[in-house]
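This report concerns only the one structure given below.
Both ligands and their constituent atoms are indexed starting at 1 by order of listing.
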Amino acid sequence: MHALFDERRYLIPFRASLLPQIFCDTLIVGSGVAGLRAAIAAAEHGEVIVLAKGDIRKSSTAWAQGGIAAVLGTSEQAVRMHVEDTIDTGGGLCDASIVQSTVAGARPRIEELRRWGMRFDVNEEGEISLGREGGHRESRILHSDGDATGRELVRCLGQQVQRTAAIRVFENCFALDLLTVSDGDNSPVVGAITHHPKYGLQMIWAWATIIATGGAGGVYRETTNPAGTTGDGIAMAYRAGAAAADMAFIQFHPTTLYVAGAERSLITEAVRGEGAHLVDRRGERFMLGAHPMAELAPRDVVSRAIIDQLADTGDSHVFLDARHFKPGFFAERFPGIAAQLARFDIDPEHDLIPVQPSAHYTIGGIHVDAEGRTNRPGLYACGEAACSRLHGANRLASNSLLEGLVRGEITGRTCAEQREPGNGPRTPKRIISDIALSEHGGLDLTDVRSSLRSVVWRHLGITRSGQTMSDVRDMIDFWGRYTLDKIFDDPMGWETQNMLLVAALICKSALWRQESRGVHNRRDFPDAREAFRCHDLWRKGQSEPATIDVPTVATGAPT
Ligand code: FAD
Ligand code: SIN
């Protein structure tokens, strides 16, 4: 990774004292499930500001289809099975105590959502109806409006946030960087510098800052993620001295609608949970021989089987076959997907649905402890931006919304510790960022972005190899030299700089991890290796990662 990636502390030059000043107790960057749930908890001990870089209704959370994995009853066995499924999927890297506390924390979070007015789908007896997805041995997935769980979740949490007087939400407000008075390890994070199209640059000072900016799927050409999922929070935390962990682990969803030229959109795994088959162009089910759970094997297994299938046949996609469903069932159970398919004249009762895998979920992220603390005082993280070690090397389907709810609440509650007596009054700090003007020529940012996304998709995708990743590292360094030394004045430029940094971190971690485990699959190291049964943590200025061993109780075997 070129030195420039580590040298740049802030994306833009500024003098803090010359900009408008805003104060709060807790600043939360991100308004998905993790940010909103953290905000509600943090509002119990002070004033909260939540930032969304666009509209609050646009996030991965809002797009979630399948649902929330949660054990609703009090059965210890049901909790144990959810814990085991999570760990078995996680390729030997789950932290068993994080898994246990997250799974056990589901019931109170779901009960409160229901109290706050969230509508879950119910069966004919009026009980919550539970779906099933890959890697789950039981049906335990709560959903809303068939395949629009995320939309209902954001509506419900958004409404609860609106009812909470201590929370202000700033939409269209882009966080560029976290503020620290010095680069020293003990210098706390004291807020963020932001940009709003109407108000320009602003300093938001806070005792505690929580990063809940979601993942980085947007660095891949093929992704299920909404535009703007560019890893900003991971990049800004790294620039501020926080550790990024397990960045090699990017999860690929097996079934994204593949229509050449059209935007990719997810076909929820719940479709397979209801019994749809994956078939090749001859109509043959290729998952039957690939895994005992066939189409409901964990995602990494299914994605790899599809990639192998495509390599063998030279085809661009495989198919989902739901033609055997009862007439009317598909449209009733999956109304959003049925409508999306209809736009392309695909009728799942009569037609096969063309699908291919694409980047879906960032398992790695900002390293946090069990309460959401990073290694920088005053800085916390939760949700997809964080690496809580819940998912290990591969995430169990629908555990992410659960993580956002449970770990978001814990993080929002924990950051009250920043207001301990002795922390001093909230005052603006003297922070100056100076950046020399670039001597390089102008740039076509769109071109840099699309070249980066293509290369990352091709060589940091479902299968990888050391030689091509070394080439990718050199390409990212090359683009970085011409892009990171520039000063941009809008989100397109800042996002591109963040994407380059996050891609460089994914590449660095994937090159270091000389093994195959979970979603990280190397042709040159096809097996899991005991030496790498650990988490890799990368910090600015360090060429080798710090590693953390996995507590021995996490018994999941590498897949
Ligand atoms: P997000 O929901 O991604 O929210 C990120 C927030 O950060 C946004 O508000 C954004 O505006 C803000 N932000 C980002 N950068 C900045 C910045 N620089 N400045 C200011 N604000 C910023 N998981 C499940 O468990 N079940 C499912 O059914 C499911 N289905 C999915 C379907 C799709 C299509 C996708 C893409 C994902 C799905 N996932 C699902 C994964 C899950 O939705 C996400 O992992 C989860 O919602 C992430 O929540 P989050 O709060 O961490 O971040
Ligand atoms: C899906 O509905 O298939 C996505 C679920 C998830 O990402 O957890």
Would you mind listing which atoms of ligand 1 come within a distance below 4.0 Å of any non-hydrogen atom of [X]?
X	answer
Ala212	5 (C), 6 (C), 7 (O)
Asn399	25 (O)
Ser31	6 (C), 7 (O), 8 (C), 9 (O)
Gly383	52 (O)
Trp63	32 (C), 33 (C), 34 (C)
Asn225	36 (C)

Based purely on interatomic distance, does [X] place a nitrogen or oxygen under 3.5 Å from a nitrogen or oxygen of ligand 2?
X	result
Ala397	no
Asn399	no
Thr268	yes

### Message
For Phe325 versus Gly275, what's the shortest heavy-atom pair and its separation?
### Response
CE1-C, 3.7 Å
### Query
What closest approach, in Å, do Ala385 and Ile211 show between heavy atoms, and which atom pair accounts for it?
CB-CG2, 4.0 Å
Region of [X] engaging ligand 1 - heavy atom pairs below 4.0 Å:
X	result
Tyr361	side chain
Cys173	backbone
Arg407	neither
Leu401	both
Thr61	both

At the 4.0 Å heavy-atom cut-off, does [X] count as touching ligand 1?
X	answer
Glu171	no
Gly150	no
Thr149	no
His360	yes
Gly233	no
Gly408	no

Minimum-distance protein heavy atom relative to [atom]:
atom	result
atom 51 (O) of ligand 1	Ala34 N, 3.0 Å
atom 32 (C) of ligand 1	Leu266 CD2, 3.3 Å
atom 43 (O) of ligand 1	Ser60 O, 3.3 Å
atom 13 (N) of ligand 1	Thr213 CG2, 3.9 Å
atom 5 (C) of ligand 2	Arg299 NH2, 3.1 Å
atom 53 (O) of ligand 1	Gly214 CA, 3.3 Å
atom 29 (C) of ligand 1	Ala64 CB, 3.5 Å
atom 8 (O) of ligand 2	Ser398 N, 2.5 Å

For ligand 1, which is the ligand I care about here, please tell me if [X] has any N or O atom under 3.5 Å from one of the ligand's N or O atoms.
X	value
Ala175	yes
Lys53	yes
Val33	yes

### Query
Do the ring planes of Trp494 and Phe174 sit parallel (below 30°), tilted (30 to 60°) or perpendicular (above 60°)?
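Tilted: the ring planes of Trp494 and Phe174 meet at 30° to 60°.
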### Query
Between His360 and His253, how do the two ring planes meet: parallel, tilted or perpendicular, split at 30° and 60°?
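Rings of His360 and His253: perpendicular, as their planes differ by over 60°.
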### Query
What residue pairs, at least two apart or across chains, pass salt bridge (Lys or Arg N to Asp or Glu O under 4.0 Å) with a residue in residues 332-343?
Glu274-Arg333
### Message
Under a 3.5 Å threshold, yes or no: a donor from one side chain and an acceptor from the other, between Trp116 and Gln159?
### Response
no
Option whose closest heavy atom lies nearest to [atom], chosen from [options]:
atom	options	value
atom 48 (C) of ligand 1	Glu384, His143, Glu495	Glu384
atom 17 (C) of ligand 1	Ile211, Val154, Asp232	Asp232
atom 12 (C) of ligand 1	Gly54, Ala235, Gly30	Gly30
atom 26 (N) of ligand 1	Ala385, Ser400, Gly67	Gly67

### Query
Strictly under 4.0 Å, does any heavy atom of Gln251 approach an atom of ligand 2?
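Contact check Gln251 vs ligand 2: negative.
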### Message
Quick one, Thr224 and Ser265 - any side-chain contact, counting heavy atoms below 4.5 Å?
### Response
no
### Query
Which atoms of ligand 2 are found less than 4.0 Å from any heavy atom of Glu133?
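What qualifies from ligand 2 is 5 (C).
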### Close-contact set for ligand 2 against His253 heavy atoms, below 4.0 Å
1 (C), 3 (O), 4 (C)
### Message
Would you say the ring centers of His391 and Tyr361 fall short of 6.0 Å from each other?
### Response
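Judged by ring-centre distance (under 6.0 Å), His391 and Tyr361 do meet the cut-off.
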